[in-house]
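Predicted model only: the values in this text are computed from it and were never measured. In the text below, chain A, chain B and the rest are named by the order of the sequence lines, each starting its count at 1. Note: hydrogens, waters and symmetry copies are ignored here, and every other heavy atom, side chains too, is used.
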There are 2 protein chains.
Amino acid sequence: MVRSAAELFSTRSYDGISMDDLVTHLGVHRNSLYKTFGSKRGLYQAALRWSLEHHVAPLVDRVAGAGDLAEALRVAVGEPAAEAGLNLLLMAAVERAPVDPEVADQLAPVLAAFDQAARAAAGRHAEHDGGGGGRGGGGEDGGEDGVALALTATILGLRLRARAGASGANIDQAGAALAHRLTHHV
Amino acid sequence: MVRSAAELFSTRSYDGISMDDLVTHLGVHRNSLYKTFGSKRGLYQAALRWSLEHHVAPLVDRVAGAGDLAEALRVAVGEPAAEAGLNLLLMAAVERAPVDPEVADQLAPVLAAFDQAARAAAGRHAEHDGGGGGRGGGGEDGGEDGVALALTATILGLRLRARAGASGANIDQAGAALAHRLTHHV
DNA sequence: CGAGTTTAGGAATGAACGTTCTTGACTATT
DNA sequence: AATAGTCAAGAACGTTCATTCCTAAACTCG
């Protein structure tokens with residue numbers, strides 16, 4: 001039930017989904033929704049929480065466990081599981097987070113976890129060059145932490161472009177090309 | 001007038017903005033809006049077109065003219081002009097493009113121009129190494145085109161994170177770190 | 001100075017919104 | 001078997017939505 005709601009909320013904006021849409025799509029009936037979640041906003045937050053736990057968190061784990069950056073990017077932007085999992089995150093970050101602080105609070109730790117996973121995948125290469133591998137990083141710039149933040153941004157940006165109409169093949173190719181550029185510099 | 005509408009539409013979702021909001025924010029009155037734009041959707045498309053022309057296009061030009069990748073990223077994510085210009089693009093891509101084909105059609109060439117600008121900035125480094133500089137690119141991967149697509153995605157992703165609550169300093173640092181990693185590999 | 005055309009302002013419209021209330025059926029306890 | 005309690009189903013509520021219509025003022029041109 002919450003999964004169906006998450007699916008629906010990932011397709012259109014919060015205000016673009018009506019309670020009638022939810023009732024129809026979920027099969028369950030109006031009273032139960034208000035009994036269980038209190039309001040439309042409550043249902044939305046439950047759906048977002050569910051999606052972050054059951055879709056995004058496993059994805060983050062797989063990114064963290066990826067052997068190298070190319071694999072991490074392939075996992076995060078190429079697989080169908082990523083599409084379902086990240087669409088609601090995308091919408092929540094762009095549309096809801098600026099107007100609903102609780103949504104922003106829910107998103108922040110997940111994005112931080114994403115950064116950490118990206119740093120783990122990217123750090124596997126940094127260990128071999130002169131700079132520090134674990135924490136702190138190298139030269140004058142922000143180091144690994146900054147790159148990890150940027151990588152999370154890239155993943156979200158690529159999914160955004162896929163959502164806005166770019167072909168899946170182009171998106172995969174872009175991820176692969178960036179990984180190639182980033183990993184072959186050591 | 002269209003500029004004010006673009007500002008307002010960049011803050012909340014399309015369905016989250018009412019005609020009353022627009023009338024109040026724009027100062028101009030209801031009848032004029034319908035006389036001039038026909039409908040809420042017409043006004044939205046005019047506002048999007050205006051923003052793409054007057055905010056995004058100049059930004060793309062400056063990215064294309066940037067001396068190196070670091071400067072390009074700084075221009076695209078760090079400056080206040082980028083914030084105002086890219087927020088509506090972000091919202092349109094995530095929320096409207098999937099449900100309004102005309103919005104998707106309006107966005108596609110702009111994103112392509114962004115890619116081309118990113119390729120110009122990134123290509124200035126590729127010219128110095130073994131691979132091809134101009135068109136076609138190098139090895140087994142997608143080459144410069146793919147990296148350019150990914151860079152546009154990164155820019156949008158960083159702006160998305162700024163919108164979702166990340167601090168501006170972190171965003172700037174992330175862009176700088178990525179540029180450092182990408183440009184110091186030749 | 002006055003007729004004709006355009007423009008602003010705001011009330012009115014039906015539909016759709018989120019939320020609540022009423023109704024009818026089912027379950028469990030005595 | 002009767003009654004109290006729970007739950008689904010949908011009608012009903014007041015509000016707000018996008019859009020239209022009507023009236024009065026302002027401007028144009030002879």
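- Interatomic distance, A:Leu107 CG to B:Arg161 CZ, rounded to the nearest 0.5 Å: 10.0 Å.
- Closest non-hydrogen pair, A:Ala148 versus A:Asp115, comes out as CB-O, 3.3 Å.
- The OH atom of B:Tyr44 sits 6.5 Å away from atom CZ of B:Arg96, with the distance rounded to the nearest 0.5 Å.
- Between A:Ser18 and A:Asp21, the side chains place a donor N or O and an acceptor N or O closer than 3.5 Å (distance only, hydrogens not considered).
- At its two ends the helix from C:dC1-D:dG30 to C:dT30-D:dA1 runs along axes set 0° apart, each axis drawn from five pairs and the angle rounded to 10°.
- Between atom CE of residue A:Met19 and atom CG of residue A:Leu33 there is a gap of 5.5 Å, rounded to the nearest 0.5 Å.
- Residue contacts shown for B:Leu33 are absent, as no nucleic acid heavy atom lies under 4.0 Å away.
- Put simply, CD on A:Glu7 and CG on A:Leu26 are 9.0 Å apart, with the number rounded to the nearest 0.5 Å.
- Every residue was checked against the salt bridge (Lys or Arg N to Asp or Glu O under 4.0 Å) condition with A:Arg74, not counting sequence neighbours, and none meets it.
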Measure all distances between protein nitrogen or oxygen atoms and nitrogen or oxygen atoms of nucleotides 5-8 of chain C, and list the pairs falling under 3.5 Å.
from	atom 1	to	atom 2	distance (Å)
C:dA8	OP2	B:Ser32	OG	3.0

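- At a threshold of 4.0 Å, the pair A:Glu95-B:Arg12 does not count as salt-bridged, since none of the basic side-chain nitrogens sits closer than that to a carboxylate oxygen.
- With a heavy-atom cut-off of 4.0 Å to chain B, the contacted part of DNA chain D has its first and last nucleotide at D:dC17 to D:dC22.
- The separation between A:Asp15 atom CG and C:dA16 atom C1' is 13 Å, rounded to whole Å.
- Closest non-hydrogen pair, B:Ala70 versus B:Ala179, comes out as CA-CB, 3.4 Å.
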Could you list the donor-acceptor pairs under 3.5 angstrom formed by side chains in residues 81-94 of chain A, with sequence neighbours left out?
none

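- Within residues 39-49 of chain B, the residues approaching DNA chain D are B:Ser39, B:Lys40, by heavy-atom distance under 4.0 Å.
- Going from atom CG of B:Asp172 over to atom CG of B:Leu73 covers 10.5 Å, rounded to the nearest 0.5 Å.
- If you take CG on B:Asp15 and CD1 on A:Ile17, they are separated by 9.5 Å, rounding to the nearest 0.5 Å.
- By the 6.0 Å and 45° rule, B:Lys40 stacks over the aromatic ring of B:Tyr14.
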